[in-house]
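The structure appears below as structure tokens.
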Number of protein chains: 2
Amino acid sequence: MDIEQTKIPQATAKRLPLYYRFLNNLHTQGKLRVSSKELSDAVKVDSATIRRDFSYFGALGKKGYGYNVEYLLSFFRKTLDQDETTRVALIGVGNLGTAFLNYNFTKNNNTKIEIAFDANEERVGSEVGGVGVEHIDDLEEKLGDISVAILTVPSSAAQGIADRLVKAGISGILNFTPARISVPSNVRVHHIDLAIELQALVYFLKHYPLNEEEAEEEQ
Amino acid sequence: MDIEQTKIPQATAKRLPLYYRFLNNLHTQGKLRVSSKELSDAVKVDSATIRRDFSYFGALGKKGYGYNVEYLLSFFRKTLDQDETTRVALIGVGNLGTAFLNYNFTKNNNTKIEIAFDANEERVGSEVGGVGVEHIDDLEEKLGDISVAILTVPSSAAQGIADRLVKAGISGILNFTPARISVPSNVRVHHIDLAIELQALVYFLKHYPLNEEEAEEEQ
DNA sequence: CCAAGTATGTGAAATCTTTAACGACTAACG
DNA sequence: CGTTAGTCGTTAAAGATTTCACATACTTGG
Ligand SMILES: NC(=O)c1ccc[n+]([C@@H]2O[C@H](COP(=O)([O-])OP(=O)(O)OC[C@H]3O[C@@H](n4cnc5c(N)ncnc54)[C@H](O)[C@@H]3O)[C@@H](O)[C@H]2O)c1
Ligand SMILES: NC(=O)c1ccc[n+]([C@@H]2O[C@H](COP(=O)([O-])OP(=O)(O)OC[C@H]3O[C@@H](n4cnc5c(N)ncnc54)[C@H](O)[C@@H]3O)[C@@H](O)[C@H]2O)c1
């Protein structure tokens, strides 16, 4: 790892993978240059925000010209560590876990689910999406140095599994269960709560009426 | 609908379903009262933020006492329209779509997936999680007055389907495809981009090292 | 009925994020 | 080679959200 330009705002950091993906698309399409305005139309983020985001990394573009797609892409590839693959474990091969295993994020990404765990004897030993399913009892033993886990177990099991993951040395957990798990502060948890996302959308529809003109919305 | 107390901040609105769910849990456990501090521990949101959030709706608690669970719950039930069920359509019965249909959000919620659509003839006519799968060609005809759609089709099909949904009168779309779809401003789209969530977690792990003490994190 | 303890609701400050505006510079063309 | 149109990087303003900190008011136990 190299010197940290530590002060990238979190809001910016969350948009970086999005930029990277669209840059990749543009590159595949053979585009050589792109302006913040074009990018804005594609990713639905205000063009000033895009320029501001990029500027945290220095002067990546040219005034009057825009950004060189190749250059920008290679810059982000380094920044987002797209060259090394982050190995990921998935716990809970149920409805959601199976969907993730079949998808496996490799199409665009630097991440790969390498191993899965489940408590159900019938699943253990099988393969889903090319990933072997191990018994949850062997978690500590088989996790190795994997540092990121996706949690798709029933919510009642979430805290217990999280505790074991932490003990086994995990650094980050992507938690899809509705349980709000507690971990020490040296472990990062991102909650993705799908039921809440749906309810929030419904709430916004009822209470934040939209106008009858153009343009569109945030995530 | 009734008078809008319009100025609830969006950040607050997004937390309301979360509060509601934990209040429900407390109620089930037979708890009669709860403080912002207790709630904070459970949902991992700062207690001052919780008090501030609640205060947008007026004085819901009692000083020196806390909040009455029953009262707060019934208040949020009204606020979040938990009494009427919002009907939802799901488009794209693949890996992710199937998981959602099997889950179907009814356990906690005021939402229900009532109908699904797919282009694959083999799926059409079948039932998944008790929901009938219709052919996508019949979308306009069978959608009825459903106003919310979950989009889990391949990203190449996303914009086309979104256009048809809009024409058919949809108000909100929960978009799980990586495509950033364009819609008129009277339609609300929330993007849930799982690949990006995973990449963002990995980025944070590498660039925002966490300390060796206690407490935990946001989503 | 009082004293001690508790927890709200909120002004004010701090922090974070987005947006507007524009000077400086580039490319491209006649 | 000058002019026009285009676009960045940034300063500054505005807006949104979180957090602090405390006066106030209620509860509880004696
Ligand atoms: N499926 C959805 O659409 C959806 C939507 C929102 C939230 N969720 C949440 O995601 C989580 C998973 O949902 P799902 O629908 O895939 O559930 P599921 O029941 O289909 O899958 C859970 C899996 O975890 C396994 N499991 C149970 N206990 C375990 C343990 N202790 N260790 C390891 N594995 C264990 C089970 O064998 C099962 O395979 C749940 O918490 C659910 O609330 C799911
Ligand atoms: N599965 C995951 O874990 C995952 C993760 C991140 C993002 N996504 C995104 O979610 C979306 C769905 O993923 P998936 O894994 O479920 O894909 P999938 O291929 O399993 O499912 C897509 C379904 O959509 C149907 N379909 C195709 N074209 C259609 C059309 N025009 N109208 C209606 N139905 C149509 C297909 O028949 C199929 O059943 C994709 O855009 C994918 O990029 C999925």
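Residue numbers begin at 1 in each chain, while the letters A, B, ... track the order of the sequences.
The aromatic ring centres of A/Phe54 and A/Phe76 sit less than 6.0 Å apart. No close placement of the B/Tyr203 and A/Tyr20 rings is indicated, their centers lying 6.0 Å or farther apart. Residues B/Phe105 and B/Tyr103 place their aromatic rings such that the two centres sit under 6.0 Å apart.
The phosphate of D/dT18 has neither OP1 nor OP2 within less than 4.0 Å of any side-chain N or O from B/Thr49. Taking only side-chain nitrogens and oxygens, A/Ser36 never comes nearer than 4.0 Å to OP1 or OP2 of D/dT7.
Classification of B/Lys167 and B/Glu140 as a salt-bridged pair fails, no side-chain N sitting under 4.0 Å from a carboxylate O. Looking at B/Asp83 and B/Lys78, no side-chain N of the basic residue comes within less than 4.0 Å of a carboxylate O on the acidic one, giving no salt bridge.
In this structure, a donor-acceptor pair under 3.5 Å is absent between the side chains of B/His190 and A/Glu197. In this structure, a donor-acceptor pair under 3.5 Å is absent between the side chains of B/Asn110 and B/Thr86.
In the region residues 66-73 of chain A, proximity to DNA chain D at under 4.0 angstrom, judged on heavy atoms, holds for A/Gly66, A/Tyr67.
A donor and an acceptor atom sit less than 3.5 Å apart, one in the side chain of A/Arg52 and one in the base of C/dT19.
In this structure, A/Arg33 satisfies the cation-pi test against A/Tyr65, with its NZ or CZ atom closer than 6.0 Å to the six-membered ring centre and inside 45 degrees of the ring normal.
As rounded to whole Å, 13 Å separates atom P of D/dG6 from atom CD of A/Glu38. Computed from coordinates, the A/Leu60 CG to D/dG9 C1' distance equals 11 Å when rounded to whole Å. What separates CG of A/Asp46 from P of D/dA14 is a distance of 17 Å, to the nearest Å.
Here A/Ser35 lies in heavy-atom contact (under 4.0 Å) with sugar-phosphate atoms only. A/Thr12 comes within 4.0 angstrom of no nucleic acid atom, judged by non-hydrogen atoms across all strands. Within 4.0 Å (heavy atoms only), B/Ser47 reaches no atom of the nucleic acid at all.
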Begin with the C-alpha distance, continue with both residues' side-chain angles, and end with the deciding distance and a verdict on salt bridge (charged side-chain N to carboxylate O under 4.0 Å, His left out) for B/Glu84 and A/Lys206. CA-CA 12 Å; B/Glu84 46 183 298; A/Lys206 298 218 178 176; 3.0 Å; yes
Atom pairs, N/O to N/O, protein against nucleotides 26-30 of chain D, distance under 3.5 Å?
residue, atom, partner, partner atom, Å
D/dC26, O4', B/Lys63, O, 3.0
D/dT28, OP1, B/Arg33, NH1, 3.2

